[in-house]
Amino acid sequence: MLLEHEGCSPTVHPTAYVAPNATLCGDVRVGPDCRVLFGAVLTAEGGPVELGEGTIVMENAVLRGTRRDPLRLGRQVLVGPASYLTGCQVEDEVFLATGCRVFNGARIGTRSEVRINAVVHLRTVLPADSLVPIGWVAVGDPLRVLPAADHEAIWAAQKELDFPGYVFGLERPADGGSLMPGISDRFGRALGRHRDDCES
């Protein structure tokens, strides 16, 4: 399904293939010889989503471009099934395995691998030829790659990256407070812009 969002419609190169039940919404640009498979969702939430030549997006992956951080994938990138990418930059020949997560402002260098269920956190930079092992977490710039069980070290690196401020423009609440009312209100209003989407 191709949807127009805020006056922008997806563009798909004639040599690309988009599965009939994939969804492309807004300023999504699918390059030559790309493949977007069944159930994948590519949505431009204020910023474009761009796929470079020969890139493959597997089943049920979600790719989201944001106003602050467009999503751009280079040439010959593979995005594994059920992966989630938002507002990140991925260079050429990168392997993003099944179930991986790559967050806003992250940059992944050429020929890197993010393996099954691994996470590349907010504003993290992976140099070329980096590897994030199965289930591990990459965080920061300079980069630290840590096992998921090492929560204290991940949090120490992650805290200064300011996820609520960077992504939602909200201050982290005091102990005992909740971000969720602010996130629900702000993010809900932004997502409400889809009410006016129409088939392209």
Side-chain angles (χ1 to χ4, degrees), residues 5-6 8 23-29 40-52 55 57 60-74 77 79-80 82-92 94-97 99-110 112-115 117-128 130 132 135-146 148 151 153-173 178-194:
H5 176 64
E6 297 190 323
C8 294
T23 300
L24 280 56
C25 181
D27 189 6
V28 175
R29 308 163 195 173
V41 176
L42 286 64
T43 181
E45 302 286 350
V49 173
E50 298 178 15
L51 307 186
T55 283
V57 178
N60 300 315
V62 176
L63 282 65
R64 183 183 304 274
T66 71
R67 192 171 311 281
R68 183 176 203 163
D69 294 301
L71 189 148
R72 292 189 174 95
L73 304 184
V77 172
V79 178
S83 296
Y84 177 82
L85 285 64
T86 183
C88 57
Q89 308 289 313
V90 178
E91 294 181 5
D92 300 339
V94 169
F95 175 60
L96 303 171
C100 72
R101 305 290 184 257
V102 184
F103 288 99
N104 306 62
R107 297 194 311 272
I108 299 180
T110 303
S112 292
E113 294 186 23
V114 180
R115 295 198 172 156
N117 293 329
V119 174
V120 178
H121 218 292
L122 177 84
R123 298 162 61 191
T124 294
V125 177
L126 271 65
S130 292
V132 185
W136 283 44
V137 178
V139 61
D141 180 21
L143 175 67
R144 296 185 68 192
V145 180
L146 301 161
H151 176 75
I154 293 167
W155 175 242
Q158 176 189 348
K159 188 174 182 180
E160 67 186 47
L161 298 175
D162 186 24
F163 189 91
Y166 188 84
V167 175
F168 298 109
L170 297 170
E171 289 186 28
R172 191 175 297 281
S178 174
L179 278 167
M180 291 316 299
I183 289 174
S184 178
D185 178 60
R186 188 167 292 195
F187 201 35
R189 275 186 281 123
L191 293 173
R193 295 192 314 255
H194 285 288

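When a residue number appears, it is its place in the shown sequence, counting from 1. No experiment lies behind these values; they were computed from the predicted model shown.
Ser112 and Pro127 make their closest contact through OG-O, 3.1 Å (heavy atoms, listed as atom of the first residue, atom of the second, distance). Scanning both residues, Leu51 and Leu42, for their nearest heavy atoms gives CD1-CD2, 3.8 Å. Listed here is the closest heavy atom pair of Val94 and Gly109: CG2-O, 3.3 Å. Nearest approach of Gly26 to His5, heavy atoms of both residues: CA-CB, 3.7 Å. A pairwise comparison of heavy atoms in Tyr166 and Arg68 identifies O-NH1, 3.0 Å as the closest pair. Between Val28 and Ala44, the shortest heavy-atom distance links the atoms CG2-N, 4.2 Å.
With contacts defined as side-chain heavy-atom distances shorter than 4.5 Å, the pair Val139/Leu161 qualifies. Looking only at side-chain heavy atoms (C-beta outward), Val90 and Val79 stay at 4.5 Å or farther from each other. Side chains of Ile183 and Leu170 form a contact here, defined as non-hydrogen atoms less than 4.5 Å apart. Side-chain atoms of Arg72 and Pro48, non-hydrogen and from C-beta on, do get closer than 4.5 Å to each other. Side-chain contact between Val57 and Leu63 is present, with at least one heavy-atom pair separated by less than 4.5 Å. Taking the side chain as every heavy atom from C-beta outward, Val120 and Ile108 approach each other to under 4.5 Å.
One distance of note links CD of Gln89 with CG of Leu73; it measures 9.0 Å at 0.5 Å rounding. In this structure, CG in Leu122 is found 11.5 Å from SG in Cys88, a value given to the nearest 0.5 Å. Separating the CZ atom in Arg29 from the CG atom in Leu24 is a distance of 12.5 Å, to the nearest 0.5 Å. In this structure, CZ in Arg186 is found 10.0 Å from CZ in Phe168, a value given to the nearest 0.5 Å. One distance of note links CZ of Arg144 with CH2 of Trp136; it measures 11.0 Å at 0.5 Å rounding. Annotation: the span from Glu6 atom CD to Asp27 atom CG amounts to 10.5 Å, rounded to 0.5 Å.
Proximity of a side-chain donor or acceptor of Thr55 to a complementary backbone N or O of Gly74 within less than 3.5 Å is detected. In this structure, the side chain of Ser184 does not engage the main chain of Pro181 through any donor-acceptor pair within 3.5 Å.
No more than 12 heavy atoms of other residues, nucleotides or ligands lie within 6.0 Å of CD in Glu171, so this atom counts as exposed by the packing criterion. Within 6.0 Å of CZ on Arg107 lie no more than 12 heavy atoms contributed by other residues, nucleotides or ligands.
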Please evaluate residues Leu143 and Leu126 with respect to the criterion side-chain contact (heavy atoms from CB on, under 4.5 Å), reporting the C-alpha separation (whole Å), side-chain torsions for both, the decisive distance (0.1 Å), and the verdict.
CA-CA 7 Å; Leu143 175 67; Leu126 271 65; 3.9 Å; yes
Apply the test side-chain contact (heavy atoms from CB on, under 4.5 Å) to residues His194 and Thr43: give CA-CA distance (whole Å), side-chain angles for both, the deciding distance (0.1 Å), then the verdict.
CA-CA 10 Å; His194 285 288; Thr43 181; 3.8 Å; yes
When you look at Thr66 and Asn104, which way does the side-chain contact (heavy atoms from CB on, under 4.5 Å) test go after all the steps?
CA-CA 8 Å; Thr66 71; Asn104 306 62; 3.9 Å; yes
Report the C-alpha distance between Asp141 and Thr124 in whole Å, list the side-chain angles of each, state the deciding distance to 0.1 Å, and finish with yes or no for side-chain contact (heavy atoms from CB on, under 4.5 Å).
CA-CA 6 Å; Asp141 180 21; Thr124 294; over 6 Å; no
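Ring geometry for Phe103 against Tyr84 counts as tilted: the plane angle lies between 30° and 60°, on a 0 to 90° scale.
Ion pair Glu45/Arg67 not flagged as a salt bridge, since none of the NZ, NE, NH1 or NH2 atoms sits closer than 4.0 Å to an Asp/Glu carboxylate oxygen.
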